[in-house]
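One structure is given here, and the rest of the page talks about it.
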Amino acid sequence: MARVFNFSAGPAALPEEVLKEAAEEMLDYRGTGMSVMEMSHRSPAFQQIIDEAEADLRELLQIPENYRVLFLQGGASQQFAMIPMNLMKNRVADYIVTGQWAKKAYTEAQKYGKANKIATSEDKTFSYIPDCSDLPISPDADYVYICENNTIYGTKFKELPNTKGKLLVSDVSSCFLSEPMDISRYGIVYGGVQKNIGPAGMVIAIVREDLITEDVLPGTPTMLTYKTHADAGSMYNTPNCYCIYMCGKVFKWLKAMGGLEVMKARNEKKAKILYDFLDESRMFKGTVVPKDRSLMNVPFVTGDKELDARFVKEAKAAGLENLKGHRTVGGMRASIYNAMPIEGVEALVAFMKKFEEENI
Ligand SMILES: Cc1ncc(COP(=O)(O)O)c(C=O)c1O
């Protein structure tokens, strides 16, 4: 059966080479006589898998030594609670609300202290990133929170906010490893892996060492304390072993591709093909302010709901899957993560051109 071009926002396409390699190792992982799915997380073979995964991630992102890498469960959404539970010493935090995911994190933080919405782009359906150069940062804020790439709305912070010396916490779920980043500018960087890295069900949190303490909010569960997982090398309990294994393979794939500078150039090239067409099309329009456009998630509309629905249906029939936009934006969304080949974006644009000619 032929594989389709999968534009899903997540769980999303994985590199075909990685899937093939995993398939080859499915019944017998490197002479162990068993699948990684069947393997004890305490076995030497698995210890090597997790150690290599961490080492490769550290190399790809140039993670400084004073940051810990944690492979955690509960998805990105669990971090919405874990972050305030572990960081809200003064019970104050500032949130920049640029979409549904940031809003969920902001709402969750209100359970633990005073969460201030210091900027938002909700007035225009989150279609832009607000100016964050001089925000009213609270003097006693424990951290400033952003969602760096907004999966649903297709916006990305091209510059980090001026936090006026406060700790920055960032959700990078939908731009993780799509380009290099300077980890030292953050207190915590975290992301669900099911978009750009691996199968669903895990979040990677990169946490500055001095933030990992026993001094958490009273009542914080053991499992939601960063220190529990840092002290146990992400194996306090049984981790998501197979997901760690797959992420490790994707890290090796990224290294073989040439690393994150190369991925950035490739992602820019892919996004440009689509955005250039959207800018010249008479039928399709991008929904985001050009300067804030994401390289990963590209929402677009025709302005006619019936035409949008027909486009999604006909695209699917042509092997271009999961193009339906989020219900709050409508229209279409193409997620073009690392694993989407250039040919996938070219096929999408060719299909859009044809659809436009036939229907205008
Ligand atoms: C930016 C962002 N943050 C958080 C989440 C939630 O992730 P999870 O389903 O792993 O909790 C998503 C999921 O789509 C997302 O796009």
Side-chain angles (χ1 to χ4, degrees), residues 7 9 12 96-103 119-135 146-162 170-181 195-196 260-261 263-304 307-308 311-312 315 320 323-338 340 342 344-353 355-356 360:
F7 295 91
I96 299 174
V97 177
T98 52
Q100 300 285 354
W101 297 112
K103 198 174 185 177
T120 180
S121 48
E122 194 162 14
D123 58 333
K124 291 185 182 157
T125 327
F126 299 118
S127 57
Y128 68 101
I129 298 290
D131 176 4
C132 296
S133 57
D134 186 17
L135 294 173
I146 59 168
C147 177
E148 204 158 323
N149 187 83
N150 296 281
T151 325
I152 296 173
Y153 301 97
T155 57
K156 161 105 203 283
F157 279 83
K158 302 287 165 79
E159 255 177 61
L160 294 179
N162 175 3
S170 178
D171 174 356
V172 297
S173 295
S174 47
C175 60
F176 221 165
L177 302 180
S178 61
E179 56 185 289
M181 62 192 296
K195 298 166 193 302
N196 229 346
L260 300 191
E261 284 291 354
M263 292 315 291
K264 181 182 185 203
R266 189 173 175 263
N267 287 326
E268 282 171 347
K269 190 169 165 193
K270 279 170 7 191
K272 187 172 186 315
I273 294 171
L274 190 45
Y275 285 125
D276 280 355
F277 174 67
L278 288 172
D279 289 342
E280 73 183 30
S281 167
R282 284 180 299 144
M283 175 181 275
F284 298 101
K285 256 203 333 274
T287 57
V288 168
V289 168
K291 74 174 179 49
D292 298 326
R293 285 168 166 175
S294 164
L295 292 181
M296 297 282 101
N297 311 98
V298 183
F300 55 95
V301 294
T302 64
D304 173 343
L307 203 57
D308 287 347
F311 175 83
V312 171
L320 307 166
L323 282 163
K324 189 171 184 316
H326 191 268
R327 63 186 183 283
T328 58
V329 184
M332 284 67 72
R333 171 179 50 175
S335 293
I336 49 174
Y337 297 123
N338 282 340
M340 174 61 65
I342 274 188
V345 180
E346 285 170 347
L348 172 61
V349 168
F351 183 81
M352 288 165 81
K353 280 185 181 158
F355 187 87
E356 178 168 325
I360 207 148

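Within the 4.5 Å cutoff, no side-chain heavy atoms of Val345 are placed close to those of Lys269. A 4.5 Å side-chain heavy-atom check between Asn149 and Leu295 finds every atom pair outside the cut-off.
A donor and an acceptor atom, one from each side chain of Asn267 and Tyr337, are nowhere located under 3.5 Å apart. Under the 3.5 Å distance criterion, with hydrogens and angles disregarded, a donor-acceptor pair is assigned to the side chains of Asn297 and Ser335. A donor-acceptor contact closer than 3.5 angstrom is absent between the side chains of Ser294 and Tyr153.
At least one donor-acceptor pair under 3.5 Å links the side chain of Glu356 to the backbone N or O of Arg282. Lys270 places a side-chain N or O within donor-acceptor distance of the main-chain N or O of Met340, the cut-off being under 3.5 Å. Between the side chain of Lys195 and the backbone N or O of Cys175 there is no donor-acceptor pair closer than 3.5 Å. Side-chain N or O atoms of Ser121 include none that pairs as donor or acceptor with a backbone N or O of Pro130 at under 3.5 Å. Side-chain N or O atoms of Arg333 include one that pairs as donor or acceptor with a backbone N or O of Thr151 at under 3.5 Å.
The CG atom of Leu348 sits 5.5 Å away from atom CG of Leu323, with the distance rounded to the nearest 0.5 Å. Annotation: the span from Lys103 atom NZ to Cys147 atom SG amounts to 13.5 Å, rounded to 0.5 Å. The distance from atom OG of Ser178 to atom CD of Glu148, rounded to the nearest 0.5 Å, is 9.0 Å.
Residues meeting the side-chain hydrogen bond (donor to acceptor under 3.5 Å, both in side chains) test with Asp308, sequence neighbours left out: Thr302. Remark: Asp123 pairs with no residue by the salt bridge (charged side-chain N to carboxylate O under 4.0 Å, His left out) rule, at least two apart or across chains. Residues that satisfy the salt bridge (charged side-chain N to carboxylate O under 4.0 Å, His left out) test with Lys285, not counting sequence neighbours, are absent from this structure. In this view, Ser173 and Asp171 satisfy the side-chain hydrogen bond (donor to acceptor under 3.5 Å, both in side chains) rule, not counting sequence neighbours. For the side-chain hydrogen bond (donor to acceptor under 3.5 Å, both in side chains) test, no residue two or more places apart in sequence or in another chain qualifies with Glu346. Asp279 pairs by the side-chain hydrogen bond (donor to acceptor under 3.5 Å, both in side chains) definition with Arg293, not counting sequence neighbours.
Taking each heavy atom of Ser174 and Asn196 in turn, the nearest pair found is O-ND2, 4.5 Å. The two residues Leu260 and Leu177 have their closest heavy-atom pair at CD2-O, 3.4 Å. Across all their heavy atoms, Ile146 and Pro161 have their closest contact at CG2-CG, 3.7 Å. The two residues Thr328 and Thr125 make their nearest non-hydrogen contact at O-CG2, 3.8 Å. In terms of heavy-atom proximity, Ala334 sits nearest to Phe7 at CB-CD2, 3.9 Å. Smallest separation of non-hydrogen atoms from Ile129 and Lys291: O-NZ, 4.0 Å.
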Point to revise | Glu179 and Met181: CA distance, side-chain angles, deciding distance, side chain to side chain contact (heavy atoms under 4.5 Å, CB included) verdict | key: CA-CA 7 Å; Glu179 56 185 289; Met181 62 192 296; 6.0 Å; no
Exercise for review: Please lay out, stage by stage, how Leu135 and Asn162 fare under the test side chain to side chain contact (heavy atoms under 4.5 Å, CB included).
Suggested key: CA-CA 7 Å; Leu135 294 173; Asn162 175 3; over 6 Å; no
Check your understanding: Would Leu278 and Val298 count as a side chain to side chain contact (heavy atoms under 4.5 Å, CB included) if you check the C-alpha gap in whole Å, the side-chain angles of each, and the deciding distance to 0.1 Å?
Key -> CA-CA 10 Å; Leu278 288 172; Val298 183; 3.7 Å; yes
Practice item. Go through the steps to decide whether Phe126 and Val329 satisfy the test side chain to side chain contact (heavy atoms under 4.5 Å, CB included), and finish with yes or no. Key: CA-CA 9 Å; Phe126 299 118; Val329 184; over 6 Å; no
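Shown here is Lys124, whose NZ atom has no more than 12 heavy atoms of other residues, nucleotides or ligands within 6.0 Å. Open room surrounds CD on Glu159; 12 or fewer heavy atoms of other groups in view lie less than 6.0 Å from it.
Using cut-offs of 30° and 60° for the angle between ring planes, the Phe284 and Phe300 rings count as perpendicular.
Only one option out of Thr98, Thr287, Asn150, Asp292 pairs with Thr155 in a side chain to side chain donor-acceptor pair (under 3.5 Å); it is Asn150.
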